[in-house]
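Throughout, a chain's letter reflects where its sequence line sits, starting with A, and its residues are numbered from 1. Only a predicted model underlies this, so the values are computations on that prediction, with no experimental measurement involved. Side chains are part of it too, since the values below use all heavy atoms of this structure and drop only hydrogens, waters and symmetry mates.
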Protein chains: 2
Amino acid sequence: MVGYVVRRAKVWIFQDVRRTLKGLDVTPAQFSVMKIVGANPGLAQARVAEALFIERARLVQMLDRLEARGLIGRTRSARDRRSHALHLTEEGARLLAHLEQLLEVHERNLVTRLGPKSKSELLRILAPFAR
Amino acid sequence: MVGYVVRRAKVWIFQDVRRTLKGLDVTPAQFSVMKIVGANPGLAQARVAEALFIERARLVQMLDRLEARGLIGRTRSARDRRSHALHLTEEGARLLAHLEQLLEVHERNLVTRLGPKSKSELLRILAPFAR
DNA sequence: TATTGTTATACTCTATAACTATA
DNA sequence: TATAGTTATAGAGTATAACAATA
């Protein structure tokens, strides 16, 4: 029952994000990668994967795509030569800012759907899942 | 931010359900189909798809599998010969009862994770997504 | 020994479009 | 014309396992 409603909410939210970003060729998952890398330049791939609950293996392909589009860069870390330090390119940072602006519409859609106070309540209740 | 935490919760819940049902070869989605059909015998495929937010096309393959395993039956509806009336077989009903019993463990895991009162709050807040 | 990035495989799921048979 | 079930396809995501380079 809880699983059902949480899944329904997740599907609705992701569909609304996709609709909002229509035509920009950015999935919700790609957005989340850009956002976390933007906020934490130098982060290693394994850290991003952990933070986003994405498989390490899956992230590789996502980064391949983002790198090919010139949005994200990988550079060998000096301290630990196994790992890649990730950073947004200038274009990546520009796109991210644009996406965040567009997503304000989604944010409003969500609050409309949930009712005014529920967003913060929801974040509080689900906090145990955000680690 | 909301999308992030809702997805994390969804992933955790589904993983926990999979863990709980380990070895029985039943996915969370299959369980939900069996449950809704069990509670509403005679339901048409399109209704199930709507209720569960699953694509009509996807449901076809899920039902093929469940039918092949002898858990669910499809019979042509007398009233509308386009549609299939779905029902659990005896074995399907037996398995469903077993699954529901097993999932009480998951239910307890979830409440432990969320804290005691949060489950009902969560259901109330997310009610707009349950239609 | 353990971790990082990578490749690979199989399966599930989502999003679409089109087809047929019925209504 | 619309709906129910079906088939098909492309891409996204999940779950695993293995490997080379590095720690």
| said: Is the shortest side-chain heavy-atom distance between Val33(A) and Leu86(A) below 4.5 Å? | reply: no

Using a cutoff of under 3.5 Å, can you pull out all pairs of nitrogen or oxygen atoms linking the protein to nucleotides 10-14 of chain C, with atom names and distances?
from    : atom 1 : to       : atom 2 : distance (Å)
dT12(C) : OP1    : Arg65(B) : NH2    : 3.1
dT12(C) : OP2    : Arg65(B) : NH2    : 3.1
dC13(C) : OP2    : Arg58(B) : NH2    : 2.4
dT14(C) : OP1    : Arg7(A)  : NH2    : 3.4

| request: May I ask you to list the residues of residues 70-88 of chain A, by number, that have any heavy atom positioned under 4.0 Å from an atom of DNA chain D? | output: Asp80(A), Arg81(A), Arg82(A)

| task | Applying ring pair (Phe, Tyr, Trp, His ring centres under 6.0 Å), name anything that partners Phe129(A), two or more places apart in sequence or on another chain. | result | Trp12(B)

| remark: Residue set satisfying salt bridge (Lys or Arg N to Asp or Glu O under 4.0 Å) with Glu91(A), at least two apart, ordered chain then number -> none

| note | Hits for salt bridge (Lys or Arg N to Asp or Glu O under 4.0 Å) against Arg19(B), two or more places apart or cross-chain, chain-then-number order -> Asp16(B)

| Start and end of the DNA chain D segment that chain B contacts, any atom under 4.0 Å from a heavy atom | dA2(D) to dT16(D)

| message | Go nucleotide by nucleotide along DNA chain D from the 5' end; which of Lys22(B) and Val60(B) gets its closest nucleotide reached first? | response | Val60(B)

Which donor-acceptor pairs under 3.5 Å do side chains of residues 51-59 of chain B form with protein atoms, sequence neighbours excluded?
none

| query | Does any pair with a residue in residues 3-13 of chain B pass salt bridge (charged side-chain N to carboxylate O under 4.0 Å, His left out), and if so which ones, sequence neighbours excluded? | reply | none

| How long is the span from the CZ atom in Phe31(A) to the CG atom in Leu66(A), to the nearest 0.5 Å? | 12.5 Å

| By a strict heavy-atom criterion of less than 4.0 Å, which residues belonging to residues 33-45 of chain B are in contact with DNA chain D? | Ala44(B), Gln45(B)

| task | Output all residues satisfying side chain to side chain donor-acceptor pair (under 3.5 Å) with Arg82(B), sequence neighbours left out; order by chain, then residue number. | result | Asp80(B)

| At what distance, to the nearest 0.5 angstrom, does CE of Met1(B) lie from CG of Leu103(A)? | 14.5 Å

| message | In this structure, would Tyr4(A) and Val105(B) fall into the same cluster of hydrophobic residues linked by side-chain contacts under 4.5 Å? | response | no

| task | Return yes if some donor-acceptor pair links the side-chain N/O of Thr89(B) with the main-chain N/O of Leu71(B) below 3.5 Å, else return no. | result | yes

| query | Rounding to a whole Å, what distance do you find between Arg56(A):CZ and dA8(C):P? | reply | 16 Å

With a 3.5 Å cut-off and sequence neighbours excluded, list the donor-acceptor pairs that the side chains of residues 114-128 of chain A form with protein atoms.
from      : atom 1 : to        : atom 2 : distance (Å)
Ser118(A) : OG     : Leu114(A) : O      : 3.4
Lys119(A) : NZ     : Glu107(A) : OE2    : 2.7
Ser120(A) : OG     : Lys117(A) : O      : 3.2
Glu121(A) : OE1    : Arg124(B) : NH2    : 3.3
Arg124(A) : NH2    : Glu121(B) : OE1    : 3.3

| said: With salt bridge (charged side-chain N to carboxylate O under 4.0 Å, His left out) as the rule and sequence neighbours excluded, what pairs involving residues 23-46 of chain B come up? | reply: Asp25(B)-Arg69(B), Lys35(B)-Glu100(B)

